[in-house]
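A quick write-up on the structure given underneath.
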Number of protein chains: 2
Amino acid sequence: MSVHFPDGAQRPDAGIHCQTCSLSAICLPLALKMEDMDEFDAIIRRRAPLVRGETLCRQGDTFSQVFVVRTGSFKQVVLDEEGEEQITHFHLPGELMGLEGINENVQPGFLIALERSTVCEIPFHQLDALAERLPGLRNELYRSMSRHMGEDHHLIRLLNCKSADERLASFLLDLARRFQRNGHSPKNFRLPMSRTDIGNYLGLALETVSRMLGRLQQQSLIELKGRELHILQPEALYQFSESHPCLGHALNRQKG
Amino acid sequence: MSVHFPDGAQRPDAGIHCQTCSLSAICLPLALKMEDMDEFDAIIRRRAPLVRGETLCRQGDTFSQVFVVRTGSFKQVVLDEEGEEQITHFHLPGELMGLEGINENVQPGFLIALERSTVCEIPFHQLDALAERLPGLRNELYRSMSRHMGEDHHLIRLLNCKSADERLASFLLDLARRFQRNGHSPKNFRLPMSRTDIGNYLGLALETVSRMLGRLQQQSLIELKGRELHILQPEALYQFSESHPCLGHALNRQKG
DNA sequence: CGCAGTATTGATTGATTTCAAGTCAAGTGG
DNA sequence: CCACTTGACTTGAAATCAATCAATACTGCG
């Protein structure tokens with residue numbers, strides 16, 4: 001994984017700007033003209049890097065800003081009444097975090113760094129004020145939220161119908177797609193999260209995760225050494241992830 | 001279910017306006033002043049009512065507008081490559097449909113009326129143009145999308161962890177909450193969808209749905225006759241829906 | 001037109017089965 | 001030591017198969 005910002009100096013704001021950011025092609029200001037980008041850049045706050053396991057925001061915090069992953073990755077963890085943790089999302093570079101907080105005005109979960117990571121903080125009311133004047137930014141904000149919704153639906157379908165091995169296949173392809181989006185190879189990348197986290201996210205025991213990954217490997221669909229992944233046959237992996245028909249339900253066509 | 005619009009005349013636009021709509025307290029223009037609402041009202045197109053089973057929009061249609069349910073209800077059905085149907089959402093009055101289409105610029109699924117229903121169509125570019133000038137509307141649009149995301153996450157948690165009976169309990173409570181939002185009793189309402197649809201949505205066989213509903217009834221948590229539902233003990237039902245701990249996964253705390 | 005008769009669909013309930021995935025346990029390796 | 005793998009064994013939740021019932025729609029006939 002290449003270092004996007006050779007920030008020898010650890011201070012935040014050490015010469016980091018949207019205009020020169022390697023993520024500018026996929027990040028919010030994607031559609032902005034140079035002069036508009038200056039304005040956008042001015043409302044961003046860059047944090048000092050977070051170390052692995054560090055918490056960026058806590059569930060229940062008042063919502064006032066959104067975050068963009070600049071480098072590294074995060075998990076979003078929701079804690080329910082009984083204290084059960086549930087990972088609802090992984091966030092990769094260029095992805096916007098915290099948008100669900102708008103409605104209830106609180107952060108919906110913990111955001112925890114999976115590795116050394118850096119983020120941009122964007123105060124939401126300033127973002128909105130800017131969006132008012134910049135249609136391109138506004139549009140990108142809509143699209144970002146819309147994309148989020150689409151991804152959630154993908155996950156819903158996944159959890160609803162798929163067996164453990166299919167879930168894993170889907171999961172890896174999803175990561176691949178998102179890594180590709182931010183300029184990585186979609187075939188070779190490093191899983192930023194533990195098997196336990198994957199299991200939690202997909203609703204499986206960690207042993208099952210390990211087993212199913214093994215199975216995908218036996219079939220030569222992937223090659224996995226530790227967290228280093230090679231997708232050998234993306235096409236076949238996709239076929240596999242969509243293979244088995246859903247359960248018996250969903251078949252009977254009827255009106256309502 | 002009361003008739004919101006005694007439209008003896010079946011023509012669309014037959015004297016229907018946001019200013020007098022019974023949903024105005026929860027719908028998009030909720031935050032608008034009277035004069036702004038006139039403008040908003042002017043971009044809305046009212047369709048003739050749809051009958052049960054009728055399709056409002058098709059998966060893959062070009063995205064150009066969003067819809068608001070005025071009366072009745074809809075299911076959103078996604079068809080995958082193998083022709084499997086999967087219901088990803090039910091939509092009740094006052095709820096916005098089609099927002100996921102923004103990103104990919106296509107409608108993400110079929111919207112099918114579950115009963116005789118009416119909708120408002122809102123051309124998206126006009127909505128955006130108006131949102132540019134009306135911060136209240138813009139905000140409501142954000143909130144609506146954010147709420148959507150939150151609901152999806154709720155469903156994700158549900159599918160990830162919960163057993164069949166807990167799913168049913170959660171599902172009913174979710175409907176109750178949403179019916180309450182648009183002015184109905186949260187304890188007594190009519191399920192607009194069939195058991196088959198519920199099963200599809202929750203990832204269960206229809207027999208299981210029926211069985212589990214029966215079980216909830218035996219425990220006197222609900223009373224159900226056909227599709228007519230009374231929630232007898234909302235509090236206990238909630239306890240029940242959250243009761244069993246998740247599977248073994250998710251317990252081991254660790255960094256990443 | 002109305003009405004009995006029939007088909008169709010939706011829902012409930014019971015009995016039986018199964019296999020996917022969890023659990024427990026031991027071992028590997030960075 | 002922790003993250004992961006692998007194996008053997010178990011289980012029980014939910015699918016399947018099947019029979020029945022209720023409600024609604026449809027049909028043709030007097």
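Per chain, numbering begins at 1; letters A, B, ... match sequence-line order.
Taking the six-membered ring where the residue is Trp, the centroids of A/Phe179 and A/His184 are separated by under 6.0 Å. In this structure, the ring of A/Phe171 has its center less than 6.0 angstrom from the ring center of A/Tyr201.
A sub-4.0 Å separation between OP1 or OP2 of D/dT5 and a side-chain N or O of A/Arg195 is present. Regarding contacts with the backbone of C/dG22, a side-chain N or O of A/Thr208 is found under 4.0 angstrom from either OP1 or OP2. Of the side-chain N and O atoms in B/Arg227, one or more sit less than 4.0 angstrom from OP1 or OP2 of C/dA11. Contact annotation: A/Ser194 does not reach the phosphate of D/dA3 (side-chain N/O to OP1 or OP2, under 4.0 Å).
If you measure from atom CE of A/Met193 to atom P of D/dA3, you get 15 Å, rounded to the nearest angstrom. Going from atom CZ of A/Arg211 over to atom P of D/dT5 covers 11 Å, rounded to whole Å. The distance from atom CG of A/Leu159 to atom C1' of C/dA21 is 15 Å, rounded to the nearest whole Å. Across the protein-nucleic acid pair, A/Lys225 atom NZ and C/dG29 atom C1' stand 10 Å apart, rounded to whole Å. The interatomic distance linking B/Arg190 (CZ) with C/dA11 (P) rounds to 10 Å, in whole Å. Atom CG of B/Leu204 is separated from atom C1' of D/dA13 by 11 Å (rounded to the nearest Å). Remark: C1' of C/dT17 and CD of B/Glu207 are 14 Å apart, rounded to the nearest angstrom. Atom CG in B/Leu168 sits about 10 Å away from atom P in D/dA14, given to the nearest Å.
Put simply, the side chain of A/Arg215 and the base of D/dT5 share no donor and acceptor less than 3.5 Å apart.
Under the 3.5 Å distance criterion, the side-chain polar atoms of B/Asn200 are matched with a main-chain donor or acceptor of B/Ile87. With hydrogens and angles disregarded, a donor-acceptor distance shorter than 3.5 Å links the side chain of B/Gln59 to the backbone of B/Leu79. Side chain of A/Thr196 to backbone of A/Leu206: no donor-acceptor contact under 3.5 angstrom is found.
Candidate nucleotides C/dT12, D/dT5, C/dG22 were compared by shortest atom distance to the side chain of A/Leu206, and D/dT5 ranks first. Which of C/dG22, C/dT12, D/dT5 sits closest to the side chain of A/Ala205 comes down to C/dG22. The side chain of B/Ser210 lies closest to C/dT13 when the candidates are C/dG10, C/dT13, D/dA14.
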